[in-house]
Amino acid sequence: MYGKQNWWPARTKFEVVIGAILTQQTSWRNVESAIRNLQRKRLMTVNRLADAPIRTLQTCTYATGFYRQKAQRIRNIAHHLLETTDGNISLLFRKPLEETRAELLSLNGIGKETADSILLYAGNQLILPVDAYTLRVMARVEGRKCSYDSVQSYLERELPRELEVYKEFHALVVEHCKKTCLNVKPDCTSCRVDPCMYRADHCLASDQGTV
DNA sequence: ACCCAGGTGGCCC
DNA sequence: GGGCCACATGGG
């Protein structure tokens with residue numbers, strides 16, 4: 001229905017990291033303006049961002065909301081990358097996936113979804129990010145709330161273990177939910193997708209209750 | 001005047 | 001390990 005999404009929409013790996021922070025609980029439209037602001041000021045590099053005045057970063061990221069937190073966090077992350085990889089982002093992913101994930105999770109402002117998005121889209125690591133949309137859809141399927149870890153392990157077990165599949169799957173869940181709003185309003189009539197597609201009772205039958 | 005957006009961290013029990 | 005809250009602007 002939606003075609004190839006070609007995620008993540010970013011020019012560089014570093015831009016993936018910054019975008020992942022800025023899009024937290026924030027529409028991508030607003031993130032785009034913030035990214036443009038940073039680019040215009042030539043701050044979209046590890047070195048330049050690490051040196052930038054916090055006030056400048058706040059101005060650039062203002063439209064994304066939580067701008068005080070986010071300005072501080074992207075600056076901290078730039079500092080970390082500067083110290084650990086000398087600004088060469090690719091070096092962030094030289095370690096085993098689990099070690100890199102733990103390193104990312106230790107940074108303020110990077111939780112599971114952000115860490116996994118960075119690993120997949122910037123590091124080309126085979127790991128599937130689970131966002132709020134995915135959790136809601138799976139909760140609809142299951143009839144109860146689902147945890148990040150359980151949904152992730154379920155989907156990674158069922159999906160083909162291919163980078164492109166993971167990248168497109170996550171992108172398509174987001175694209176689909178944005179277009180339909182079905183995940184938010186169960187009885188939404190303006191959506192073009194049959195709500196029944198979320199009620200398939202066979203989807204997780206083989207999952208033995210882990211989701 | 002609401003509700004929601006490609007979450008996270010801190011606190012509580 | 002789960003529930004609640006602050007963080008904050010912009011669009012519908």
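Lettering follows sequence order; numbering is per chain, from 1.
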Each nucleotide N or O in nucleotides 8-12 of chain C that has a protein N or O under 3.5 Å away: list the pair and distance.
{"residue": "C:dA8", "atom": "OP1", "partner": "A:Arg68", "partner atom": "N", "Å": "3.2"}
{"residue": "C:dA8", "atom": "OP1", "partner": "A:Gln69", "partner atom": "N", "Å": "3.2"}
{"residue": "C:dA8", "atom": "OP2", "partner": "A:Arg68", "partner atom": "NH1", "Å": "2.6"}
{"residue": "C:dA8", "atom": "O4'", "partner": "A:Phe66", "partner atom": "N", "Å": "2.9"}
{"residue": "C:dG10", "atom": "O4'", "partner": "A:Asn30", "partner atom": "ND2", "Å": "3.1"}

Under 3.5 Å, which N/O atoms of the protein pair with N/O atoms of nucleotides 10-12 of chain B?
none

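Between A:Tyr148 atom OH and C:dG1 atom P there is a gap of 16 Å when expressed in whole angstrom units. In this structure, A:Tyr133 places its OH atom 12 Å from C1' of B:dG7, rounding to the nearest Å. Across the protein-nucleic acid pair, A:Ile21 atom CD1 and B:dG7 atom C1' stand 9 Å apart, rounded to whole Å. Going from atom CD1 of A:Ile74 over to atom P of B:dT8 covers 16 Å, rounded to whole Å. For the pair A:Leu135 CG and B:dA5 P, the computed distance is 12 Å after rounding to whole Å. Look at CD1 on A:Ile77: it is 13 Å from C1' on B:dG7, rounded to the nearest Å. The NZ-P distance, from A:Lys179 to B:dA5, rounds to 16 Å in whole Å. Taking atom CG on A:Leu22 and atom P on B:dA5, their separation rounds to 18 Å, with Å as the unit.
For residues 76-127 of chain A, the pairs satisfying ring pair (Phe, Tyr, Trp, His ring centres under 6.0 Å) are A:Trp8-A:Tyr121, with sequence neighbours left out. Sorted by first then second residue, the salt bridge (charged side-chain N to carboxylate O under 4.0 Å, His left out) pairs that include residues 92-108 of chain A, not counting sequence neighbours, are A:Lys95-A:Glu103, A:Arg101-A:Asp116.
Side-chain nitrogen and oxygen atoms of A:Arg136 include at least one within less than 4.0 Å of the OP1 or OP2 phosphate oxygen of B:dA5.
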Taking it one step at a time, do A:Lys167 and A:Asn6 satisfy side chain to side chain donor-acceptor pair (under 3.5 Å)?
CA-CA 8 Å; A:Lys167 288 181 177 180; A:Asn6 295 308; over 6 Å; no
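Near DNA chain B, defined here as any heavy-atom distance below 4.0 Å, the residues from residues 111-118 of chain A are A:Gly111, A:Lys112, A:Glu113, A:Thr114, listed numerically.
Grouping Ile, Leu, Val, Met, Phe, Trp and Tyr by side-chain contacts under 4.5 Å, direct or through others, leaves A:Leu105 on its own. Taking Ile, Leu, Val, Met, Phe, Trp and Tyr as hydrophobic and joining them when side-chain heavy atoms fall under 4.5 Å apart, one finds A:Tyr67 in a cluster with A:Tyr62.
With sequence neighbours excluded, the residues forming a side chain to side chain contact (heavy atoms under 4.5 Å, CB included) with A:Asp131 are A:Glu113, A:Tyr133, A:Thr134, A:His170, A:Val173, A:Val174, listed by chain and number. By the salt bridge (charged side-chain N to carboxylate O under 4.0 Å, His left out) test, A:Glu15 pairs with no residue at all, sequence neighbours left out. A:Asn108 pairs by the side chain to side chain contact (heavy atoms under 4.5 Å, CB included) definition with A:Arg73, not counting sequence neighbours. Applying the side chain to side chain contact (heavy atoms under 4.5 Å, CB included) rule to A:Glu175 yields the partners A:Tyr2, A:Gln5, A:Lys178, A:Lys179; only residues at least two apart in sequence or on another chain are considered.
Donor-acceptor pairing under 3.5 Å is lacking for the side chains of A:Thr59 and A:Lys41. Checking A:Thr61 against A:Thr64 by side-chain atom types alone, no donor-acceptor pair falls below 3.5 Å.
Between A:Tyr121 and A:Ser106, the one whose closest nucleotide on DNA chain B sits nearer the 5' end is A:Tyr121.
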Show every donor-acceptor pair shorter than 3.5 Å between a side-chain atom in residues 44-53 of chain A and any protein atom, with sequence neighbours excluded, or say none if there are none.
{"residue": "A:Thr45", "atom": "OG1", "partner": "A:Arg48", "partner atom": "N", "Å": "3.1"}

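Across B:dA5 and C:dG2, the matching C1' atoms stand 23 Å from one another, rounded to whole Å. C:dA8 and B:dA1 are spaced 23 Å apart, taking the P atom of each and rounding to whole Å. When the P atom is used for both C:dG10 and B:dT8, the distance is 22 Å, rounded to whole Å.
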